[in-house]
Amino acid sequence: MTDNSNSLAQLTCPAPHPAKDTIVLGHGSGGRLSAELMRSIFLPAFANPVLSRLDDQATILVKGARLAFTTDSFVVKPLFFPGGNIGSLAVHGTVNDLAMGGAKPLFLSVAFIIEEGLSMEVLRRVVHSLRDAARDAGVEIVTGDTKVVEKGSGDELFINTSGIGLVPDDLELSANRARPGDKILLSGSIGEHGIAILAQREGLEFECPIVSDSAALHTLVAAMLDASHEIRVLRDPTRGGVSSTLNEIAEQSRVGIRLEESAIPIREEVRGACEMLGLDPLYVANEGKLIAVVAPQAADAVLRAMREHPLGRGAQIVGTVVESDAPIVTIRTALGTSRCVDMLAGDQLPRIC
Amino acid sequence: MKFIDEYRNADIARALLAEIARTVRKPWVLMEICGGQTHTIMRYGLDELLPPNIELVHGPGCPVCVTPLETIDKALELAARPEVILVSYGDMLRVPGSATDLLTVKARGGDVRVVYSPTEALKIARQNPERKVVFLAVGFETTAPANAMAVWQAKQENIGNFSVLVSHVLVPPAIRALMTSPECRVNGFIAPGHVCTVMGYSEYESLVRDFRVPIVVGGFEPVDILEAVLMLVRQLEGGEARADNQYVRSVNYRGNLAAQKTIQEVFEIADQKWRGIGVIPASGLRVRDEYGDYDASRIFGLASISVDEPAECISAQVLQGLKKPTDCPVFGMRCTPQNPLGAPMVSSEGACAAYYNYRRHGKQSPEKQLPVVSSQLSVKSEKS
């Protein structure tokens with residue numbers, strides 16, 4: 001042991017930088033790697049004032065009309081999961097991106113990338129589900145495209161949808177508008193979509209099956225805007241979860257955000273699954289929840305409006321925007337201490353949407 | 001949620017904190033061995049709630065952090081071979097090896113798969129008889145029984161395309177090495193509850209005797225940690241040194257004998273290199289000769305891969321509780337979870353990741369400058 005005691009003091013543990021020349025799954029996680037990719041590759045190439053706002057949708061003025069325009073690709077695996085499938089998700093995802101800009105969603109495009117060998121029946125089921133979701137959301141699918149790739153060059157089916165909506169004239173929603181004192185509202189319990197997909201994929205079974213929260217949120221948004229226009233930011237916390245969305249808002253608005261751990265609604269079965277799997281629900285994806293940053297004087301009215309809507313029954317005020325030198329999100333624990341809530345660093349669950 | 005909520009209860013935690021404050025007189029340095037415990041301490045800010053004369057330092061119990069660079073390099077070499085499916089726990093994928101990491105090898109076409117259990121790796125072997133399936137079997141005594149069981153099962157079923165790349169480490173020899181180090185400041189240990197679920201805590205008796213250091217087996221929730229701290233402080237203030245158990249809902253004195261038997265069937269104790277620390281005698285497990293056909297190191301001729309670890313980050317001192325992650329000049333600057341310079345920044349159990357994830361909001365806990373407890377250290381001597 002004497003030799004060893006010497007070595008204890010001297011040895012160090014280094015590790016070199018990992019290679020940076022390859023795309024890894026984490027680049028699609030919606031967390032920090034995605035943000036880096038955006039900053040290093042996409043923004044420099046495409047830079048313009050509309051894109052640079054980095055909102056879920058672009059708001060553009062065309063001959064006096066304020067249009068919201070967005071696009072999203074869906075690669076979820078498996079194609080069918082409790083609470084939805086890739087078809088309904090492809091509608092909800094894009095409708096929600098429009099809704100987060102306060103837009104009334106109007107038209108969608110749908111593009112299919114199909115792997116050779118996919119059963120016609122599977123495609124038919126997905127398409128019917130997509131049609132039903134669009135009908136329920138009141139949007140029309142007005143254009144589309146189909147490509148087929150060789151077996152092994154895709155994974156069954158990928159879908160892209162783009163959407164156009166109309167934004168009311170007097171409305172300004174953007175992730176850079178959060179101000180100290182504003183309240184953070186969350187529309188309901190978190191983590192259900194991510195855990196539902198994971199459970200399906202890994203064959204995990206729970207006493208109460210966990211169902212994805214996938215839903216179109218534009219009517220909830222409309223109800224909130226009816227209650228008050230003093231909503232500053234709307235975001236749906238999809239990939240990367242609530243933590244990544246709040247970190248983006250903090251960064252873009254150059255503020256801090258303080259959360260109250262006990263106020264964040266999480267269903268028992270999701271908590272249980274997360275405990276078992278070592279996941280933090282704050283990082284797990286949602287597809288039918290929204291975060292609103294609301295001026296303090298309007299927070300109660302917006303909260304009431306949310307709770308009166310079927311998709312916002314579990315809404316809570318979960319935190320406050322604060323002044324801060326660094327755009328950091330913190331959370332107050334039940335013990336009264338506080339800790340950081342960082343953006344998702346790597347890749348928690350690939351192909352969640 | 002039963003077995004969770006009561007151990008996160010703020011009233012119970014406050015009562016324990018008050019009792020600790022009433023009991024403590026002198027300054028004490030306590031080390032929690034397990035990275036899971038470190039994360040609970042950081043996540044709930046327990047170190048900020050404890051009286052200022054109790055300092056918590058963080059131990060080497062992060063399996064990903066102490067897995068030597070050469071094991072990672074062996075895994076990387078295997079993962080790049082077209083005939084191999086490398087199966088691993090998720091944490092290992094982001095740990096940098098000498099040149100790259102498993103995630104990058106995977107992105108370049110290597111067949112790397114993540115599982116929650118080694119028996120899933122065995123299932124992959126059954127489903128892919130034409131491929132060679134290697135499970136990266138790392139960890140402390142906690143994961144050893146399941147890893148041993150997978151090897152045992154493979155032999156029973158005569159599954160010839162399954163093997164394990166083993167880097168198993170043991171807690172008691174690590175505590176002995178820490179206590180023998182002249183720089184050691186630790187007055188008491190919180191032993192890792194899950195390791196002890198398998199091994200019991202009888203094996204800590206000799207450490208308690210040889211170094212007169214109290215060791216209390218602790219759980220992983222805030223109330224567990226605080227109760228373990230209270231039990232240690234009571235012993236220290238009373239001049240006692242015993243092996244004791246806070247985590248009674250999971251751990252008994254002898255441990256899980258069936259699990260221990262499985263470990264002994266497949267593995268034998270061997271000298272083991274710890275990343276950042278070096279070789280500690282008899283501190284690891286290797287596959288017994290009878291199961292040599294399932295030892296990836298042997299069947300792929302990897303034994304010759306040996307890597308010296310260049311000196312850059314301070315994780316050696318962090319893993320031994322000599323320094324805090326925030327003492328590192330590159331912490332949070334050049335070294336972050338997305339650009340880790342050392343394994344403790346990668347792993348979900350790493351101390352650096354715990355500090356980075358939970359403690360960057362300006363209000364750093366005041367570093368507690370304790371008098372060096374040299375009088376305590378001078379009485380410690382190794383009697384074995």
Side-chain angles (χ1 to χ4, degrees), chain A residues 1-27 31-33 35-36 202 204 256 258 262 268-269 271-272 275-278 280 324-326 328-348, chain B residues 1 4 8 10 13 42-45 48-49 65 69 94-96 98-101 103-104 106-108 116 176-178 180-183 222 275-281 309-317 319-320 336-343 348 356-363 382:
Chain A
M1 291 304 281
T2 45
D3 286 353
N4 188 52
S5 65
N6 281 336
S7 71
L8 278 181
Q10 290 159 4
L11 274 160
T12 54
C13 167
H17 293 266
K20 291 267 181 228
D21 56 353
T22 310
I23 290 288
V24 296
L25 281 169
H27 284 117
R32 206 162 283 286
L33 278 177
E36 264 178 32
E202 304 294 331
L204 305 173
R258 255 186 225 152
S262 57
E268 269 306 276
E269 50 270 35
R271 255 187 86 199
E275 288 291 338
M276 207 172 77
L277 298 166
D280 184 336
S324 169
D325 295 337
I328 282 178
V329 181
T330 60
I331 192 165
R332 207 172 77 97
T333 70
L335 302 186
T337 52
S338 80
R339 67 167 195 270
C340 267
V341 178
D342 200 11
M343 195 178 255
L344 182 62
D347 167 41
Q348 193 183 45
Chain B
M1 200 183 316
I4 296 278
R8 291 181 190 169
M42 289 298 122
R43 189 182 166 88
Y44 292 93
E48 294 174 355
L49 297 170
C65 305
L69 197 52
R94 296 181 56 235
V95 181
S98 295
T100 180
D101 58 27
L103 269 186
T104 308
K106 179 173 185 286
R108 289 177 182 151
Y116 281 101
R176 185 167 291 276
L178 288 171
T180 315
S181 165
E183 293 175 70
R275 189 172 199 169
I277 296 181
V279 174
I280 301 178
E309 302 189 6
E312 194 181 348
C313 91
I314 66 158
S315 56
Q317 285 94 331
L319 289 169
Q320 296 168 65
T336 61
Q338 51 278 1
N339 189 21
L341 293 179
S348 60
Y356 185 89
N357 286 335
Y358 302 139
R359 282 291 162 80
R360 285 177 303 112
H361 47 296
K363 193 173 66 68
E382 198 179 11

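Residue numbering restarts at 1 for every chain, and letters A, B, ... go by the order of the sequence lines. All figures in this text were calculated on a predicted structure; none of them were measured in a lab.
Both the backbone and the side chain of L277(A) have a heavy atom closer than 4.5 Å to some heavy atom of chain B.
T337(A) and E48(B) get closest at one heavy-atom pair: CG2-OE1, 4.1 Å. Nearest heavy atom pair, residue A334(A) against residue A10(B), reads O-CB, 3.5 Å. The heavy-atom pair separating R43(B) from T333(A) by the smallest distance is O-CG2, 3.5 Å. Closest approach of M1(B) and G272(A) over heavy atoms only: CE-N, 3.5 Å.
For R258(A), there are no salt bridge (Lys or Arg N to Asp or Glu O under 4.0 Å) partners two or more places apart in sequence or in a different chain. I23(A) is linked by a side-chain contact (heavy atoms from CB on, under 4.5 Å) to H27(A), L37(A), counting only residues two or more places apart in sequence or in another chain.
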